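Heads up, the thing below is written out as structure tokens.
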Amino acid sequence: MSSSSSSTPTCHLRVRANTVVAGASSKKTRGLRRLNAVAETSAMEVVELKKGIAELYDESSGLWEDIWGDHMHHGFYDPNADVSVSAPDHRAAQIRMIDEVLQFAGISEEAPIRGPKNVVDVGCGIGGSSRYLAGKYGANCKGITLSPVQAQRANALADAQGLANKASFQVADALDQPFPDGQFDLVWSMESGEHMPDKAKFVNELARVAAPGATIILVTWCHRDLGASEKALKPEEKRLLDKICNAFYLPAWCSTADYVQLLQSLSLQDIKAEDWSPYVAPFWPAVIRSALTWKGFTSLLRSGTKTIKGALAMPLMIQGFKKDLIKYSVITCRKPE
């Protein structure tokens, strides 16, 4: 497969904003009510969820970095790509994912003249996206994560790569970010939204810290959009997602259409949403194969029970994608000037 090419994808499955709410305002109201119901999680449950997320990534991040490098997200592959490509090719696909997302969002390649100057990386992992954006655009990047291990490692890597003056990381909650209003001209969230127990509050925080005219990029796992006559997912679909939630410390899922409705409710502009599931298809089989190597297997056994539990659930992700239940959603918008 090719490396970090930024050619424009050709067969995206577009979810147009104007079709999400087509028909009647009551459909939008029902969607927002459903999201509010999802958010009704007890304070104790939220505390336990955040604790589980932090511990999962405290345990697993070192293992992931050792095998896959410092980007803790899906790669972007050409459709029908050879899934048996080497680890360096998979790492190149992860870089390509960042570039494809930036292009989709209309972020200029003319760095640093027109690129972002101040970036927040919400759910930063060990800082791979932030360091890449700092290097590409000369941007000042701030990353937040629930995991102390991730924040410490992200700062160490920034220092080792000569980027400590451009990229810094701290432990903080994405639902209560430690930043003033309107600070960032690029708000970046790469595969962290699925961990958020209150999607409305999450989106509100993304918009709050965005400067006027800023671009907001949200890449996240979603469940399929509901049909016009559906009020909920099918019972068997819920059961599959519940198993994944239990393994990966995820709250209830929402759809791409739900996110679009939330963005519209905040009067954000230029909303675009696409399903890139066909472009990430080789990712989970590759992760499973890496876990089955001797290095992967022995490292997994040493990593801890939460990591092992997550590894055993990886085939469920493949099943969810194949059933068209799980969607890899790329959503962008702009805050009004």
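None of these values were measured; they are calculated from a predicted model.
Connection of Met196 to Val171 is not established within any shared hydrophobic cluster, with ILVMFWY side chains joined at heavy-atom distances below 4.5 Å, either directly or through further cluster members. In the hydrophobic cluster analysis, where Ile, Leu, Val, Met, Phe, Trp and Tyr join through side-chain heavy atoms closer than 4.5 angstrom, Val280 is grouped together with Val330. Connection of Leu325 to Met314 is established within a shared hydrophobic cluster, with ILVMFWY side chains joined at heavy-atom distances below 4.5 Å, either directly or through further cluster members. In the hydrophobic clustering of this structure, Tyr328 groups with Trp253; members are Ile, Leu, Val, Met, Phe, Trp, Tyr whose side-chain heavy atoms approach within less than 4.5 Å, directly or through other members. Under the 4.5 Å side-chain heavy-atom criterion for Ile, Leu, Val, Met, Phe, Trp and Tyr, Ile67 and Met317 are members of the same hydrophobic cluster.
For the atom pair OH (Tyr259) and CG (Leu206), the distance works out to 8.5 Å, reported to the nearest 0.5 Å. In this structure, Glu194 CD and Thr220 OG1 are separated by 4.0 Å, a value rounded to the nearest 0.5 Å. Between the CZ atom in Arg153 and the OG atom in Ser147 there is a gap of 12.5 Å [rounded to 0.5 Å]. Interatomic distance, Glu230 CD to Asp225 CG, rounded to the nearest 0.5 Å: 10.0 Å. With rounding to the nearest 0.5 Å, the separation of CG in Leu263 from CD in Gln269 is 12.0 Å. Here Ile126 contributes atom CD1 and Gln152 contributes atom CD; the two are 12.5 Å apart, rounded to the nearest 0.5 Å.
Looking at Lys166, its side chain does come within 3.5 Å of a backbone N or O of Gly138 through a donor-acceptor pair. When atom types are taken as modelled, the side chain of Glu205 and the backbone of Gln177 share a donor-acceptor pair closer than 3.5 angstrom. In this structure a side-chain-to-backbone donor-acceptor pair under 3.5 Å is missing from Asp121 to Lys142. Between the side chain of Asp159 and the main chain of Asn155, no donor-acceptor pair closer than 3.5 Å is present. Side-chain atoms of Ser61 never come within 3.5 Å of backbone atoms of Gln150 as a donor-acceptor pair (strictly under, hydrogens ignored).
Phe202 is listed as a side-chain neighbour of Leu218, based on a closest heavy-atom distance under 4.5 Å. Proximity of Asp258 to Lys199: side-chain heavy atoms (C-beta onward) are nowhere separated by under 4.5 Å. Contact annotation: the side chain of Thr145 never approaches that of Phe169 to less than 4.5 Å [non-hydrogen atoms, C-beta and beyond]. Residues Leu175 and Pro197 have side chains in contact (heavy-atom distance under 4.5 Å, counting atoms from C-beta outward). By the 4.5 Å heavy-atom criterion applied to side chains, Ile271 and Arg334 are not counted as neighbours. A heavy-atom distance below 4.5 Å is not found between the side chains of Ser189 and Ile217. Using a 4.5 Å heavy-atom threshold, the side chains of Lys335 and Leu268 count as touching. Looking only at side-chain heavy atoms (C-beta outward), Lys327 and His223 stay at 4.5 Å or farther from each other.
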Chi angles and distances behind the side-chain contact (heavy atoms from CB on, under 4.5 Å) call for Thr256, Asp275:
CA-CA 8 Å; Thr256 307; Asp275 173 16; over 6 Å; no
side-chain contact (heavy atoms from CB on, under 4.5 Å) assessment of Leu240 paired with Gln319
CA-CA 9 Å; Leu240 176 57; Gln319 185 179 346; 4.1 Å; yes
Worked check of side-chain contact (heavy atoms from CB on, under 4.5 Å) between Arg91 and His71
CA-CA 8 Å; Arg91 295 184 184 188; His71 292 280; over 6 Å; no
Test log, rule side-chain contact (heavy atoms from CB on, under 4.5 Å), inputs Val122 and Met190:
CA-CA 7 Å; Val122 181; Met190 173 63 78; over 6 Å; no
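The ring pair (Phe, Tyr, Trp, His ring centres under 6.0 Å) analysis of residues 44-63, with sequence neighbours excluded, yields the pairs Tyr57-His195.
Ser129 and Trp188 share a donor-acceptor pair across their side chains, judged by distance under 3.5 Å alone.
Scanning for salt bridge (Lys or Arg N to Asp or Glu O under 4.0 Å) contacts around Lys50 gives Asp173, with sequence neighbours left out. Under the side-chain contact (heavy atoms from CB on, under 4.5 Å) criterion, Gln161 pairs with Asp70, Arg131, Leu157, Leu163, sequence neighbours left out. For Pro315, the side-chain contact (heavy atoms from CB on, under 4.5 Å) test picks out Ile288, with sequence neighbours left out. Among residues two or more places apart in sequence or in another chain, the side-chain contact (heavy atoms from CB on, under 4.5 Å) test is passed with Glu55 by Lys51, Lys306. The salt bridge (Lys or Arg N to Asp or Glu O under 4.0 Å) check on Glu237 picks up Arg224, with sequence neighbours excluded.
When every heavy atom of Tyr137 is checked against every heavy atom of Ile107, the shortest pair comes out as OH-CG2, 3.3 Å. Closest of all the heavy-atom pairs between Ala151 and Gln170 is CB-C, 4.0 Å. Closest heavy-atom contact between Cys141 and Ala134: SG-N, 3.9 Å. Among all heavy-atom pairs drawn from Ala154 and Gly125, the shortest one is CB-O, 4.4 Å. Residues Ile326 and Ser277 come closest through the heavy atom pair O-OG, 3.9 Å. In terms of heavy-atom proximity, Leu133 sits nearest to Leu186 at CD1-CD2, 4.3 Å.
The aromatic ring centroids of Trp68 and Phe283 lie less than 6.0 Å from each other.
A salt bridge does not link Asp185 with Lys117: every distance from a Lys NZ or Arg NE/NH1/NH2 to an Asp or Glu carboxylate oxygen is 4.0 Å or more. Between Lys136 and Asp99, at least one side-chain nitrogen of the basic residue sits less than 4.0 Å from a carboxylate oxygen of the acidic one, meeting the salt-bridge criterion. Residues Arg96 and Asp78 are paired through a salt bridge, judged by an N-O separation under 4.0 Å between the basic side chain and the carboxylate.
No more than 12 heavy atoms of other residues, nucleotides or ligands sit less than 6.0 Å from atom NZ of Lys238.
Considering Tyr77, Phe321, Phe104 in turn, Phe104 is the only one that fulfils the ring-ring contact (aromatic ring centres under 6.0 Å, His included) rule with Trp276.
Using bins of under 30°, 30° to 60° and over 60° for the plane-to-plane angle, the ring pair His74/Trp284 lands in the perpendicular bin.
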